[in-house]
Visitor: 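Structure provided below as structure tokens; questions to follow.
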Number of protein chains: 2
Amino acid sequence: MPAPLLSKEEVLDRLMRTFREHGYDGASLAELSAATGLGKSSLYHYFPGGKVDMAKQVLEHLEAALEKAMFEPLRSNKTPEKKLSAMLDTLSAFYDGGRLACLLERLCASVDRRSFRRPLAKMFDKWMRAVEGLALEAGLPKTVARSRAEDLVVRIEGALIVATGAGDTKVFARTIADLRTSVLACPRT
Amino acid sequence: MPAPLLSKEEVLDRLMRTFREHGYDGASLAELSAATGLGKSSLYHYFPGGKVDMAKQVLEHLEAALEKAMFEPLRSNKTPEKKLSAMLDTLSAFYDGGRLACLLERLCASVDRRSFRRPLAKMFDKWMRAVEGLALEAGLPKTVARSRAEDLVVRIEGALIVATGAGDTKVFARTIADLRTSVLACPRT
DNA sequence: GTCTATAATAGGATAGAC
DNA sequence: GTCTATCCTATTATAGAC
């Protein structure tokens, strides 16, 4: 670790930002080096496995960050509605209102995607289970809760793509707004 | 055009498949050459602008293909419900039940994305307008029709990501199944 | 741990013969 | 139009000094 420079946390944050902006395939070692202020040799010191290693560690770093910012608050004793709303606020901030891409998506689409298979599947599962738990807490039947959770993740990932493609972040904002009311709504009879 | 070999249509099809499988950034000229059976020089003969040019022409090719397979059938005199179902069947086949990525998404995420800005925005708009028209035809109010259209595109793009990430194409199948009934449903009062 | 230098390779792109 | 050969740059990765 650079004594006076960046902490490993900060290094991982900057690597994540670079992967999210340029994509995994699009991010070169030169860019990753510039983003962190670490020379290539230093990068290889911390990440002996090169780019794949960086992405794996960034993924673990993200998991820890989400645990704190998104999953832990779900264990409070607030109402499910408030907790859902807090999660959506966190997500909206994390994606900067639809301007920043999702790391999971970037890695899913990479040439080295096989290397990230397990951790990616685990992350998606964790996210969906968290939302499912919230829906169960709100009194929804198990099958409905599951599909609502799946739908939340699907729509957020999709909204990020469409916002980018259509060049309009409002798509993302509308999706978040709709999820705020639809995820825990009573099923139609 | 190779006299005895592939038609330009077929060349574009194979390029599209390669971009969808490996991603735009991940597809090398060597792979694109192998996929089409054309040497690099031949590729540059048909696509003087290189990779960017290939992707642009592939995008136009896709637009024409979708026009025929997806948009034109919407102008028949069948019921909106049947036409929606036909569109979803076409999409499900096009994405091979969630196993094949979306070209639009691949290009949105590429390092050369700026080069594809206009055509991508146009494609998304065209797709959404088509669904919006269907919803209007089914008697939905304009604002609802618009958001249903947006939602269909968002959820399909998202389902492709999540299916890949979670390693389970069932997510895609469930999304398609749900869209079949939800897109044209009467709004809640 | 970090740097400079450099190896080794892959990538995109072009020249010129046929 | 297609091929072989080649150029040039960027890229990943490593060696070795400090």
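Side-chain atoms are counted along with the backbone in the values below, which use heavy atoms only and exclude waters and symmetry mates. In what follows, chains are A, B, ... by sequence order, proteins preceding strands, each numbered from 1.
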Visitor: Specify the separation, in whole Å, of atom CG of B/L6 and atom P of D/dG1.
Guide: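 So the CG-P distance, B/L6 to D/dG1, works out to 15 Å.
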Visitor: Figure out the NE2/P separation between B/H45 and D/dG1, and round it to whole Å.
Guide: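 Distance, rounded to whole Å: 5 Å.
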Visitor: Dot-bracket, DNA chain D: Watson-Crick or G-U, under 3.5 angstrom, [ ] crossing, | other strand?
Guide: |||||||.||||||||||
Visitor: Using the salt bridge (charged side-chain N to carboxylate O under 4.0 Å, His left out) rule, take A/K56 and A/E60 through it: C-alpha gap first, then chi angles, then the decisive distance, then the call.
Guide: CA-CA 6 Å; A/K56 281 185 182 172; A/E60 284 169 28; over 6 Å; no
Visitor: In whole Å, what is the span from the CG atom of A/L32 to the C1' atom of D/dT11?
Guide: 12 Å
Visitor: For a 4.5 angstrom cut-off between non-hydrogen side-chain atoms, does A/F116 reach A/M123?
Guide: no
Visitor: Taking 4.0 angstrom as the limit, do B/R180 and B/E81 come out as a salt bridge?
Guide: no
Visitor: How close or far is atom C1' of D/dT12 from atom CZ of A/F47, stated in whole angstroms?
Guide: 16 Å
Visitor: Quick one: are B/R148 and B/V131 in side-chain contact, heavy atoms under 4.5 Å?
Guide: no
Visitor: Rounded to the nearest angstrom, tell me the gap between atom CG in B/D112 and atom P in C/dG11.
Guide: 15 Å
Visitor: Any Lys/Arg nitrogen of A/R155 or B/D151 sitting under 4.0 Å from an Asp/Glu carboxylate oxygen of the other?
Guide: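 So A/R155 pairs with B/D151 through a salt bridge.
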Visitor: Can you give one letter per nucleotide of nucleotides 12-18 of chain C, 5' to 3': B if a protein heavy atom sits under 4.0 Å from the base, S if only from the sugar-phosphate, - if neither?
Guide: BBBB---
Visitor: Does the cation-pi check pass for B/R129 over B/F71, that is, NZ or CZ under 6.0 Å from the six-membered ring centre and within 45° of its axis?
Guide: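 Verdict for B/F71: no cation-pi partner in B/R129.
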Visitor: Between A/D53 (CG) and D/dT14 (P), how many Å, whole number?
Guide: 12 Å
Visitor: Minimum heavy-atom separation for B/Y46 and B/K8, please, with both atom names.
Guide: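 Smallest interatomic distance, heavy atoms only, reads O-NZ, 3.8 Å.
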Visitor: Is B/R14 paired with B/E21 through a side-chain N to carboxylate O contact shorter than 4.0 Å?
Guide: no
Visitor: From CG of A/L38 over to P of D/dA13, roughly how many Å is that when rounded to an integer?
Guide: 16 Å
Visitor: Using whole Å, report how far CG of A/L43 lies from C1' of D/dA15.
Guide: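 It works out to 17 Å between those atoms.
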Visitor: Contact between A/I176 and A/D89 at the side-chain level, heavy atoms closer than 4.5 Å - yes or no?
Guide: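 Not in contact.
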